[in-house]
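Take a look at the structure below.
Sequence lines set the chain letters: A, B, ... in the order given, protein chains first and strands last, and positions in each chain run from 1. Note that the structure is a prediction, hence the values are computed from the model and not measured.
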Number of protein chains: 2
Amino acid sequence: MPPEARRTQQKDAIREAFASEGRPLSPQEALESAQSRVPGLGIATVYRAIKRFLTDGTLVAVELPGATTRYELAGLGHHHHFCCRRCDRVYDVEGCPPRVAELTPDGFELEAHEIVLRGVCSGCSQTAATT
Amino acid sequence: MPPEARRTQQKDAIREAFASEGRPLSPQEALESAQSRVPGLGIATVYRAIKRFLTDGTLVAVELPGATTRYELAGLGHHHHFCCRRCDRVYDVEGCPPRVAELTPDGFELEAHEIVLRGVCSGCSQTAATT
DNA sequence: CATGTAATGATAACAACTTCTCATTATCCG
DNA sequence: CGGATAATGAGAAGTTGTTATCATTACATG
């Protein structure tokens, strides 16, 4: 049996990072966010916490093309993602277009689908000017 | 100015691999396919050829969530991809569902989108039986 | 509050993929 | 054909992201 988990301010800070940011975070992003609460936090602890949160169902992995894996709180239901090419942040997007399943070639069995939108987020869009 | 390119049987074999397979290939897949034409072919040569083909517009990169980058012949037009979880091969799929752009959150600027279908390809589906 | 032990932080070690190095080979052009 | 040099193959070396090691710290319980 696995060792009993202890509650620590580090894990609390990491969990809180995902909850407060409200978008999928990479381990590095989670580290930076959580460090505002626990300054000395190390990246190894973030990886350990994420692994534990995946196991206990707190987080789920979000894989994106050409980017490192992000993680977000579980239980959000079916949704997709938007990647900003300026800040590299990933955002959740609601909804799902109709007829996605119709793309499936004959003889293929569709089990899941993912949609990734790309562009510039509202924050970066305002800051804009330069390309 | 860059050195003048020479035509070699290795590059021909690699280009032919992409043309004959008709689907996005990883460097490793391209190597295996091209080795049927040039047995001694090395992986370094495949990487060098791909880099050159990207530069001269012969190939384009296809990035997928949680998978190594694939490459395919350029000029295929807008399309999406299907990943088989059994054989890990990637296939092109025609078409594009309507209203994808409507998912974009307010204030965000959409520039592109990608759809990845997942499941089992027709080849693996027949071989099936086991899960 | 004393104690057993899970958790942490820093860093080394991994793993997967890609690029570099260099001696050798092949291509191209006069 | 002969020479200049681009291309190749094999393996070393880099990258980037993740996991393991280990001495130290901090939970949590009696």
Open item on the list: For residues V120(A) and L110(B): do they belong to one hydrophobic cluster (side chain heavy atoms under 4.5 Å, members Ile, Leu, Val, Met, Phe, Trp, Tyr)?
Closed with: no
In whole angstroms, the gap separating C1' of dT25(D) from NZ of K11(A) amounts to 13 Å
Rounding to the nearest 10°, end axes of the helix from dC1(C)-dG30(D) to dG30(C)-dC1(D) built from five pairs each make an angle of 40°
Common cluster, L117(B)/V100(B), ILVMFWY with side-chain heavy-atom separation under 4.5 Å: yes
| task | Go through the steps to decide whether E16(B) and E21(B) satisfy the test side chain to side chain contact (heavy atoms under 4.5 Å, CB included), and finish with yes or no. | result | CA-CA 8 Å; E16(B) 184 56 22; E21(B) 295 292 338; over 6 Å; no
Taking only side-chain N and O atoms of R52(A), does any of them lie within less than 4.0 angstrom of OP1 or OP2 on dA7(C)?
yes
- Query: Is the backbone N or O of S33(A) less than 3.5 Å from a side-chain atom of S36(A), with the two atoms forming a donor-acceptor pair by type?
  - Reply: yes
A correct 5'-to-3' footprint of nucleotides 25-30 of chain C, with B, S and - meaning base, sugar-phosphate only and no protein heavy atom under 4.0 Å, is -BBS--
note: D12(A), atom CG; dA7(C), atom P; distance rounded to Å ~ 13 Å
Donor-acceptor pairs under 3.5 Å, side chain of residues 56-64 of chain B to any protein atom, not counting sequence neighbours: which ones?
unit_1, atom_1, unit_2, atom_2, d
D56(B), OD1, T58(B), N, 2.9
D56(B), OD1, T58(B), OG1, 2.6

Hey, what's the ring geometry for Y91(B) with F108(A), parallel, tilted or perpendicular (30° and 60° as the breaks)?
perpendicular
Note: contacts of residues 30-41 of chain A with DNA chain C (heavy atom, under 4.0 Å) are G40(A), L41(A)
Applying salt bridge (Lys or Arg N to Asp or Glu O under 4.0 Å) to E111(B) and not counting sequence neighbours gives R85(A)
Determine whether L76(B) and V116(B) fall in the same hydrophobic cluster, where Ile, Leu, Val, Met, Phe, Trp and Tyr are linked whenever their side-chain heavy atoms lie under 4.5 Å apart. no
For the hydrophobic clusters of this structure (ILVMFWY residues joined by side-chain heavy atoms under 4.5 Å, transitively), does one cluster hold both F82(B) and L103(A)? yes
Can L31(B) and Y47(B) be said to form a side chain to side chain contact (heavy atoms under 4.5 Å, CB included), step by step? CA-CA 9 Å; L31(B) 173 68; Y47(B) 277 104; over 6 Å; no
- Any donor-acceptor N or O pair under 3.5 Å, side chains H78(B), H113(B): yes
*Does E32(B) reach the main-chain N or O of E29(B) with its side chain, forming a donor-acceptor pair under 3.5 Å?*
no
key: V46(B) backbone acceptor or donor facing K51(B) side chain under 3.5 Å   = no
Per-nucleotide protein contact along nucleotides 14-22 of chain C, 5' to 3', at a 4.0 Å heavy-atom cut-off (B base, S sugar-phosphate only, - neither), is ---SBBBB-
